[in-house]
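Quick notes on the structure that follows.
Source: prediction; values computed, not measured. In what follows, every heavy atom counts, from backbone to side chain, and hydrogens, waters and symmetry copies are set aside. Chain letters run A, B, ... following the sequence lines, proteins first and then strands; every chain starts at 1.
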Protein chains: 2
Amino acid sequence: MVKAGTSKAGTKGVARPERERQIVDIAGRVFAEHGYAGTSLTAVAEQAGISKPLIYNYFGSKEGLFAACLTCAGEVLVEVIERTARLGLVGQQRAVVTLDQFYAALEPRPWMWRVFRDPTMPATPEIAAQHDQYARRMHAVGVEGVRELLHLAGNDDPLDASAMTAVWVNVFDALVTWWIDHPGESRASMTARTIRLSGAVFGPMETAPPVGPAFD
Amino acid sequence: MVKAGTSKAGTKGVARPERERQIVDIAGRVFAEHGYAGTSLTAVAEQAGISKPLIYNYFGSKEGLFAACLTCAGEVLVEVIERTARLGLVGQQRAVVTLDQFYAALEPRPWMWRVFRDPTMPATPEIAAQHDQYARRMHAVGVEGVRELLHLAGNDDPLDASAMTAVWVNVFDALVTWWIDHPGESRASMTARTIRLSGAVFGPMETAPPVGPAFD
DNA sequence: AGTAAGTGACTTCTGGGTAAGTTACCATGG
DNA sequence: CCATGGTAACTTACCCAGAAGTCACTTACT
C-alpha cells in the first residue's frame, strides 16, 4: 500500500446503473451544448464529479457514451411521436398535440433533442445505423401526416412530401430550441404559445385539442 | 541552400487576394461538412492543394480562418435578406421571394448557410460578437415581417413574435438543408417546390410573385 | 537584389484511451 | 461479534496520435 488515506479512490456508494444514468444525463447536456466534436470527456467527467476512466469503464469510448445518450433520446422521442400518432388526430390538432407531448417529454431533459440532431455526431456505421433507425421511424410518422395534408391540396409528389416533412421537423426544432433559449417558459406556456401561433398562421382551430399529461 | 531544385517552395503565381478567396471557399466547404470543431487545418490545406503555414500566414489562426468564412457568409446573407425586404412585398409573396433569393445566393456556395449556423463554432467573444451582429440584422428583418402577420391575427405579443421568427428561420434552414441533401435540384426547381408547398399550406397565391435573378 | 509566395520539418499541447493500483462494501466462517 | 477475503466502485498517473501553431528556409517574379 502507498500512503494509505491520501488517495481518493474507492467506491462512493453509488451503484453502477444509477451512476450510468447520471453520467448519461450530464454528458447529454454537454454534448447538446458543444456538439459531439466539441466535447471533451475530461470536461464531462469534471461536470459529473467523477474521473475519466470511470466513463471508459462503463461506456468503453467517447462514441459509446454518445451512443448511450442517443439511445436514451431516440427511445423517448420515437415513443412520444408514435404514441401521439395513434391518437388519430389530423391537421392542426395533430400538430399542436404532438408538440405539446414533445414539450412534456423534453421538459426534464431538453438535451435529448439537440443530441438527436447533432450534425457533428460520429459518422461511424454503428452510430449512423442507430440514428437512422430512430430517424426513419420518426420520419415515417411525419411523412404520413404531411402526405395527407399535401394530398388534400392535390399534391402527391413524393419529393415535395420529403421536403415538407423536413420543414415540419425543423418547425419542431425551432420551437424546442427557442424554449431552451428561454428557460423561464414552462411546458404549459409553450403549448399555449404554440396554439396561438398555429392559429395566427392557419386560422383558429374549430375544436380545442385534447392537451393533457404525457400519458393518458 | 540545401539541395537546390528538390524543394517545392516558391510562388505558384497566385496573388494573395485570389489565394485567400480560394482558401476561404475550400475551408467553408470543410467547416460546413464536419463543423468547426471537427475540422483540421491539415485537411483544409490538403484539399486546397497548399501547405498549412500558408493558411497561418494569411489568416493567423484556425479561428481567424473561420472568422473569414463567417464574414463572407454573413455579408452575403444579410445583404440578400435586407435587399429582399426593401422590395416591400408582404405575406406569402415575401416569403417565397426571399427563399428564392436565398437559393440564388447559396447556389454557388451552399456551405455559407451551414457555417453561419455551425453549433460548434468557437465560443470566443470575437466570433460570438461577429455572429451576433449578422444574426441580429437578419432577425430584425424577420421579426418585422412576422410581427405584421401576427398583428393581422390580433397578436402583438413580442415573445410570440420572437418564437415565430425562430420558426420562420428554421423553415429556411429546412429547405436549404434539404436542398444540400438533394444536389440534383436546381435553384429553379427549388423555388417551384417552395411555391407548391406554400400554396398547399396557405392556399394558392393570388398573384404570381416576381421571381427573377438575384439582382433586379 | 528585393520581396512576395510558398514549403518541410519542427514544437507544443490537447484529448482519447489505458494500466495498475486504492478504497469501500459485503458476504461468509469462526 | 469480529476477522478476512472477494468484488465492485473508483482514482492517479501515464501513453500517444493528431492537430494547432512556428521557424527557417527556398523559389519565382519584377
Side-chain angles (χ1 to χ4, degrees), chain A residues 1-23 26-27 30-31 34-69 120-124 126-127, chain B residues 1-23 26-27 30-31 34-69 120-124 126-127:
Chain A
M1 76 181 70
V2 244
K3 284 202 252 175
T6 63
S7 169
K8 288 176 179 167
T11 179
K12 293 173 184 164
V14 181
R16 176 162 181 165
E18 190 186 336
R19 189 61 100 187
E20 281 183 351
R21 269 193 302 268
Q22 211 177 67
I23 295 174
I26 301 276
V30 183
F31 280 142
H34 305 289
Y36 176 81
T39 295
S40 88
L41 287 207
T42 308
V44 172
E46 216 164 89
Q47 289 254 338
I50 52 155
S51 70
K52 205 171 47 161
L54 193 60
I55 299 181
Y56 281 91
N57 211 354
Y58 287 172
F59 299 96
S61 65
K62 184 181 180 186
E63 194 184 313
L65 177 58
F66 185 84
C69 295
T120 70
M121 77 176 68
T124 63
E126 294 83 26
I127 294 288
Chain B
M1 78 182 66
V2 247
K3 285 203 250 174
T6 61
S7 169
K8 286 174 180 167
T11 180
K12 294 172 183 166
V14 181
R16 176 163 177 165
E18 189 186 335
R19 190 60 99 188
E20 281 184 350
R21 270 193 301 270
Q22 211 179 68
I23 295 174
I26 300 278
V30 183
F31 281 142
H34 305 290
Y36 176 82
T39 295
S40 90
L41 288 206
T42 308
V44 172
E46 215 165 89
Q47 289 254 336
I50 54 157
S51 70
K52 206 173 43 160
L54 194 61
I55 299 181
Y56 280 90
N57 213 356
Y58 288 170
F59 299 95
S61 64
K62 183 182 180 184
E63 194 184 314
L65 177 59
F66 185 84
C69 295
T120 71
M121 79 176 67
T124 65
E126 295 83 27
I127 294 288

Gap between atoms [atom1] and [atom2], on [X] and [N] respectively (whole Å):
| X | N | atom1 | atom2 | answer |
| --- | --- | --- | --- | --- |
| A:K62 | C:dG15 | NZ | P | 9 Å |
| A:I55 | C:dG16 | CD1 | P | 10 Å |
| B:E20 | C:dA5 | CD | C1' | 12 Å |
| A:F59 | C:dT18 | CZ | P | 16 Å |
| B:Y56 | C:dG8 | OH | P | 16 Å |

Between protein and nucleic acid, restricted to nucleotides 5-7 of chain D and to nitrogen or oxygen atoms under 3.5 Å apart, what atom pairs and distances do you find?
none

Residue pair B:A27 / B:L65: nearest heavy atoms and the distance that separates them: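 Looks like CB-CD2, 3.7 Å.
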
Where B:I127 and B:P122 come nearest, the two heavy atoms and their spacing: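 So the minimum-distance heavy-atom pair works out to CG2-O, 3.5 Å.
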
Partner residues of A:T120 under the side-chain contact (heavy atoms from CB on, under 4.5 Å) criterion, sequence neighbours left out: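 side-chain contact (heavy atoms from CB on, under 4.5 Å) check on A:T120 returns A:Y36, A:A37, A:D118, B:T120.
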
For a quick test of your reading: what N or O donor-acceptor pairs under 3.5 Å do the side chains of residues 12-20 of chain A make, sequence neighbours left out?
unit_1 : atom_1 : unit_2 : atom_2 : d
A:K12  : NZ     : A:G49  : O      : 3.4
A:R16  : NE     : A:E20  : OE2    : 2.9
A:R16  : NH2    : A:E20  : OE2    : 3.4
A:R19  : NH1    : A:Q22  : OE1    : 2.5

Per-nucleotide protein contact string for nucleotides 9-14 of chain D, where B marks a base within reach and S marks sugar-phosphate only (heavy atoms under 4.0 Å, - for neither): BBBB--

Identify each donor-acceptor pair in which a side-chain atom of residues 38-47 of chain A lies under 3.5 Å from a protein atom, sequence neighbours left out, and give them as a table.
unit_1 : atom_1 : unit_2 : atom_2 : d
A:T39  : OG1    : A:G35  : O      : 2.7
A:S40  : OG     : A:A43  : N      : 3.2

Axial bend angle, the helix from C:dA1-D:dT30 to C:dG30-D:dC1: five-pair end segments, nearest 10°: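 The helix from C:dA1-D:dT30 to C:dG30-D:dC1 shows an end-to-end axis angle of 0°.
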
Sorted by number, the residues of residues 38-47 of chain B with heavy-atom contact under 4.0 Å to DNA chain C: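 Going residue by residue through residues 38-47 of chain B, none turns out to have a heavy atom under 4.0 Å of DNA chain C.
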
side-chain hydrogen bond (donor to acceptor under 3.5 Å, both in side chains) contacts in which one or both residues fall within residues 53-69 of chain A, not counting sequence neighbours: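 Listed by first then second residue: A:E63-A:T124.
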
